[in-house]
Amino acid sequence: MGKKRFGVAVAVAFLALIHVSVSVPFILIHGISAECSDHTNSNFPRLLTNLSGSPGFCLEVGNGKSDSWLMPLTKQAEIVCEKVKQMEVLRQGYNIVARSQGNLVARGLIEFCDDAPPVYNYISLAGPHAGISSVPWCGSAIWCEKAAKLIEKDIYTEYVQDHLAPSGYIKIPSAITKYLEHSKYLPKLNNEIPSQRNATYKNRFSSLHNLVLVMFENDTVIVPRDSSWFGFYPDGGANQPLLSVQQTKLYTEDWIGLKTLDVAGKVKFVSISGGHLQMATRDIVKYVVPYLQNQQTTAKGRNHCCY
Ligand SMILES: *[C@@H]1O[C@H](CO)[C@@H](O)[C@H](O)[C@H]1NC(C)=O
Ligand SMILES: *[C@@H]1O[C@H](CO)[C@@H](O)[C@H](O)[C@H]1NC(C)=O
Ligand SMILES: *[C@@H]1O[C@H](CO)[C@@H](O)[C@H](O)[C@H]1NC(C)=O
């Protein structure tokens, strides 16, 4: 009898020990013209869960597809921030996978969200981190440059900024003054304006354990595609040679902590052949899955470990 009880107690203690080590959950943030219920964004978290063994959820912003176009990114990031704080399962910290425009929401979540649980690993797939120099639906054809000229006239107006999500990260190199003055999202997210730099954003971003920046070599949606690594055109014009990430002031002056992370060996710059977000399973296994497999060991487990 006594022996049996002891055996049960040992078994319970053993189970408790196994239990303290749990997979860190992840959230998925989708891109523009997409929503959590569409084919891609409902399957992708399932695939990632299957491959990593970690629970994951697509987090919806507003009503999905139309809000991905029409709701300003400041608002989108606020919504995701509130959702994350309400999710019990994320309370101990979590990882983020984001697609395309969703990366700007993800970074807003990391940098702007007060009293939020910690983000450990952040995997960015085709994120327009340094902006896009032309409208997102047309690519790099000549007529696009003409269209961009027309759009340039209105893109930094209050109305467009408040009603068209991509206006928050359209950065027209020949209109930098207007961009810095009137763009309501990216200049803040990238701590671009000297008088308005906020060390809290930098502290939060540089607290990541791993940052994986995936660029797609044949991406024609993110222009320039190097923006997925924070590379961009110099101020002045899109006809000048691109600056690599390490040549940008965002990096050299470490506006958001990207250099800090890189020097600490925490940034993986990944380049994948293929078009926008076209990722083979073997690349997902190589570049995404390992960063979703971190374990959480609670302090309780460590302190009370007995046998
Ligand atoms: C995930 O695994 C389940 C169970 O094995 C399977 O039914 C499902 O099709 C898989 N989903 C994806 C997206 O791979
Ligand atoms: C910087 O951002 C934090 C977090 O949002 C905020 O609490 C603080 O007031 C900001 N500081 C300045 C100087 O704007
Ligand atoms: C990338 O684009 C080039 C030029 O259009 C093409 O030749 C190549 O096949 C493309 N590669 C992939 C992987 O899509």
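Values in this document were obtained by computation on a predicted structure and should not be read as measured data. Just follow the structure's listing: the first ligand is 1, and inside any ligand the first atom is 1.
Of the candidates His129, Arg99, Arg107, His129 is the only one forming a side chain to side chain donor-acceptor pair (under 3.5 Å) with Ser124.
Less than 4.0 angstrom separates some heavy atom of Asp114 from each of these atoms of ligand 2: 4 (C), 5 (O). Ligand 2 places these atoms under 4.0 Å from at least one heavy atom of Tyr201: 2 (O). Heavy-atom contacts of Asn43 reach the following atoms of ligand 1: 13 (C) (cutoff under 4.0 Å). Under a 4.0 Å criterion applied to the non-hydrogen atoms of Gly274, ligand 3 contributes the atoms 13 (C), 14 (O).
From the protein, the heavy atom lying nearest to atom 3 (C) of ligand 3 is Asn218 ND2, 3.5 Å. Looking only at heavy atoms of the protein, atom 13 (C) of ligand 2 is closest to Asn198 ND2, 4.4 Å.
With respect to Asp114 and Arg204, a salt bridge is recorded, a charged nitrogen being found less than 4.0 Å from a carboxylate O. Comment: Glu192 does not engage Lys249 in a salt bridge, judged by the lack of any side-chain N to carboxylate O separation of less than 4.0 angstrom.
Here the side chains of Ser167 and Tyr185 are not in contact, with every heavy-atom distance at 4.5 Å or above. For the pair Ile272/Met279, a side-chain contact is recorded, criterion being any heavy-atom separation below 4.5 Å from C-beta on.
One option in Asn50, Leu51, Thr281 has a heavy atom closer to atom 10 (C) of ligand 1 than any other, and that option is Asn50.
For atom 1 (C) of ligand 1, the nearest protein heavy atom is under 4.0 Å away. Counting protein heavy atoms under 4.0 angstrom from atom 5 (O) of ligand 2 gives one or more.
Remark: side-chain polar atoms of Lys83 are paired, donor with acceptor, to backbone N or O of Glu60 under 3.5 angstrom.
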